[in-house]
Each structure stands twice: as structure tokens, then as C-alpha cells.
Amino acid sequence: MKKIFTILLFFAKTLLFSQNLSFAYEVTTNSGQDKKSIKKENYFLDIAEGKSVFRSENDKYYDSLRAKTGRGLGTPLNFNQLYSRKDKLKGEIYKTVTVPLILNTYDILIDEKLDWKLLNDSATISNLKCQKAIVTYGGRMWEAWFAKNIVIQDGPYIFHGLPGLIVQIIDSSNDFKFSLIYYEREKNIAFFPPKKGKFLSFSQFKLLEENFYHHPFAELESSGMKMVLADEKGNKLSWDSRAMSQSMQKTLRENNNPIELNYRPDFK
């Protein structure tokens, strides 16, 4: 997976519709409102049989474990998650979120319409000739660049519907940026089944986030699970529920800049 990005006119329509493809994106996020919590991570848009899934490199690995063993690991520390999947045949898009610590997984149906406005601006990005488009989603204004030579109406996260693959998309606040870096064809792809969860609306999920913020360890404690802390040398430390809750609440407050800004929870 160290290929230099060389997607050119190599893609013909017949190739694109007969192959399973995996597109790698560098995702730059600012999870905090102070503009100082910058993180870069590789994500993959895997496309096969009319479906696609967008997930981080770690999530793809955990999905592979789940496919092989029935179990997958991975514990998010906040709710700023970008795992999503699209079913083009059914016309459905879901954002999948996992609650920190508890690991309960939920699916949120994305029903906000992407009303794209195509512009005449053009640029070469990652060796691809691209055209500009803008759209509003999640309470944010987005600027996208898509390549008409790659005839796939898909892109990172929930974004789709342009007449070509989305090569780059960034919000007006520079909090989220998705940039295509390379691709792989079918013979190299392990299209592991994406995780799925119980269905929630965004409003229900916002309430779940706020309840978790006020009592982050409530469900674990009520289950009778024994809490054990240890230092870096493995020495056991005493469990202080109040202190641990305050630490988790601080983490959630500092990372309260979700991509769906119009559903930002009130952590106070």
C-alpha cells in the first residue's frame, strides 16, 4: 500500500463497473473548538457490488477480525466518528457510531439531501483534473473537487452524487478535510463486511451523547463489571469513579466539534 498516486485516464467505464475498488483518503480533522486538536489519519472508501463503506485504517482492521473470528476490538474515546456506508441500490446512507467504553453500536440514517451546485472552476489535484462544487451539509458549507474522468458518483464519508469521484472536500471552517491519495484494484482488496448497529435518529443520538456525558461509567458500573486501573508498569491503582468521570467529561468537552455541527451535543 505504498503506491504513488497515479490515477489518470486509466479508468474507463467498463473497468470501473467490473472491478471492486478501494480509495485511500488522508483525513485531517480538528476535533476541538480551539483549532488546536489537529489529527491526520488514513481512511478507505471500499466499493463493491453497488455498496461502499468509508472507515479508518483501524476500523478496517477490526472489521477483518470480526469477519474472521466474530469479534472486533477498538474503543473510541469520543463521538467524533466518520464510519459510514452507502447502499446505492436501496438509496440508503448510514453513519455508524460506537459509544465510548460501552461499545454499543448505532446506525443513523442520513436523510439530509445534498443539493450540489456545480461551478466552472477547475484545478489539478493529485494529478487529476477536477471541477469545483459546493454544498451544505450538517450545518457546514463544503467545497468539493471531483474528477469527471473517474466515473464513480461516490466520495468520502456520506458525500456522493457528483458526476465523478470526489477527490477532495473541505468545510469552510477547515475543521474537516478529505484528500484522495491512492487506490487499489480488486485483487488487493479485502472487502470486510462493515459493522452495523441499532437504528437511531440524530436527535436520539444527541440525547444519548448528553446522557453519557453526565454519567459516563453508569452502564459499566450497573453491570457489575469490576473497574481496574493500572499504571504503565502494570501496578494496580485505586478506582476513583468521580475523578474518572471528570476526566472523561473533560475529554468529551475538548472534542465537541462534530462533523454534523447542527447536532452538536450540549456538554455542560
Side-chain angles (χ1 to χ4, degrees), residues 1 3-7 11 21-32 35 37-47 51-60 76 78-86 88 93-97 108 110 112 114-119 121-184 189 194 255 257-263:
M1 300 177 71
K3 296 178 180 179
I4 299 175
F5 189 93
T6 57
I7 305 179
F11 285 104
L21 299 170
S22 183
F23 295 92
Y25 288 82
E26 180 183 74
V27 179
T28 305
T29 60
N30 173 45
S31 60
K35 305 297 182 181
S37 305
I38 305 298
K39 179 181 179 181
K40 291 187 178 182
E41 188 175 3
N42 283 355
Y43 275 69
F44 293 90
L45 173 66
D46 294 335
I47 302 174
K51 298 180 180 179
S52 66
V53 57
F54 186 73
R55 53 194 165 189
S56 69
E57 191 169 13
N58 284 338
D59 277 327
K60 187 168 182 176
N78 58 65
F79 290 99
N80 294 342
Q81 301 167 38
L82 301 174
Y83 195 114
S84 60
R85 69 181 193 274
K86 307 180 185 85
K88 298 176 184 178
I93 302 175
Y94 291 95
K95 173 188 179 83
T96 301
V97 290
I108 302 173
I110 305 297
E112 183 176 346
L114 298 179
D115 189 13
W116 292 102
K117 180 179 180 181
L118 274 60
L119 305 177
D121 305 58
S122 62
T124 299
I125 300 175
S126 298
N127 296 325
L128 290 167
K129 184 178 180 180
C130 298
Q131 183 177 340
K132 185 178 178 180
I134 57 175
V135 72
T136 298
Y137 170 74
R140 298 177 184 270
M141 176 64 72
W142 296 86
E143 175 186 294
W145 294 89
F146 65 96
K148 290 192 286 187
N149 290 328
I150 305 180
V151 287
I152 296 178
Q153 295 187 4
D154 209 336
Y157 192 47
I158 60 85
F159 297 107
H160 70 290
L162 286 170
L165 181 75
I166 297 174
V167 174
Q168 184 181 98
I169 184 166
I170 183 171
D171 76 299
S172 58
S173 298
N174 293 316
D175 288 333
F176 295 88
K177 181 180 181 181
F178 303 82
S179 300
L180 186 65
I181 50 178
Y182 65 84
Y183 83 99
E184 290 185 314
I189 296 176
N255 292 277
N257 188 27
I259 192 167
E260 283 86 12
L261 199 58
N262 51 342
Y263 288 105

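Residues take their numbers from the sequence shown, with the count starting at 1.
Using a 4.5 Å cut-off on side-chain heavy atoms (C-beta onward), Lys88 and Asp154 make contact. For the pair Ser173/Arg140, a side-chain contact is recorded, criterion being any heavy-atom separation below 4.5 Å from C-beta on. Contact check for Lys51 versus Lys86: no side-chain heavy atoms found under the 4.5 Å cut-off. Looking at Pro156 and Val27, their side chains never come closer than 4.5 Å, going by heavy atoms from C-beta outward. At least one side-chain heavy atom of Tyr137 sits less than 4.5 Å from a side-chain heavy atom of Leu114. Between Leu45 and Tyr25, the closest side-chain pair of non-hydrogen atoms falls below 4.5 Å.
Of the inter-residue distances, the one linking Ile47 atom CD1 with Phe23 atom CZ reads 5.0 Å to the nearest 0.5 angstrom. With rounding to the nearest 0.5 angstrom, the OG atom of Ser179 is 11.0 Å from the CG atom of Asn42. Between the OG atom in Ser52 and the NE2 atom in His160 there is a gap of 9.5 Å [rounded to 0.5 Å]. The distance from the CD atom of Gln153 to the CZ atom of Phe159 is 16.0 Å, given to the nearest 0.5 Å. Distance OH/Tyr83 to CG/Asn58: 12.5 Å, rounded to 0.5 Å. Put simply, CD on Glu41 and CD on Glu57 are 8.0 Å apart, with the number rounded to the nearest 0.5 Å.
Listed for the Ser56 side chain is a donor-acceptor partner under 3.5 Å among the backbone atoms of Asp59. The backbone N or O of Glu184 sits nowhere less than 3.5 Å from a side-chain atom of Ser22 that would complete a donor-acceptor pair. Side-chain atoms of Ser126 come within 3.5 Å of backbone atoms of Leu180 as a donor-acceptor pair (strictly under, hydrogens ignored). Using modelled atom types, one side-chain atom of Gln131 and one backbone atom of Leu119 make a donor-acceptor pair closer than 3.5 Å. With Glu112 contributing its side chain and Gly138 its backbone, the two residues share a donor-acceptor pair below 3.5 Å.
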Could you check Met141 against Asp171 for side-chain contact (heavy atoms from CB on, under 4.5 Å), going step by step and ending with a plain yes or no? CA-CA 6 Å; Met141 176 64 72; Asp171 76 299; over 6 Å; no
For a side-chain contact (heavy atoms from CB on, under 4.5 Å) check, start with the C-alpha distance between Tyr157 and Ile259, then their side-chain angles and the critical distance, and finish with the verdict. CA-CA 10 Å; Tyr157 192 47; Ile259 192 167; 3.5 Å; yes
Evaluation steps, side-chain contact (heavy atoms from CB on, under 4.5 Å), between Leu162 and Leu118: CA-CA 9 Å; Leu162 286 170; Leu118 274 60; 3.8 Å; yes
Go through the steps for Leu128 and Ile150 under the test side-chain contact (heavy atoms from CB on, under 4.5 Å), then give the verdict. CA-CA 9 Å; Leu128 290 167; Ile150 305 180; 3.9 Å; yes
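For the pair Ala133 and Phe146, the tightest heavy-atom approach, listed with the atom from each and the gap, is CB-CE2, 4.1 Å.
Heavy-atom contacts from other residues, nucleotides or ligands closer than 6.0 Å to NZ of Lys132 number more than 12.
Between Phe178 and Trp142, the two ring planes are tilted [angle within 30° to 60°].
Ion pairing between a basic and an acidic side chain is recognised when a charged N comes within 4.0 Å of a carboxylate O; Asp46 and Arg55 show such pairing. Glu260 has a carboxylate O that lies under 4.0 Å from a charged side-chain N of Lys95, or vice versa, which qualifies the two as a salt bridge.
Residues Phe54 and Phe44 place their aromatic rings such that the two centres sit no closer than 6.0 Å.
Shown here are the ring pair (Phe, Tyr, Trp, His ring centres under 6.0 Å) partners of Trp116, two or more places apart in sequence or in another chain: there are none.
Exactly one residue among Asn80, Thr28, Asn257 makes a side chain to side chain donor-acceptor pair (under 3.5 Å) with Asp175. That residue is Asn257.
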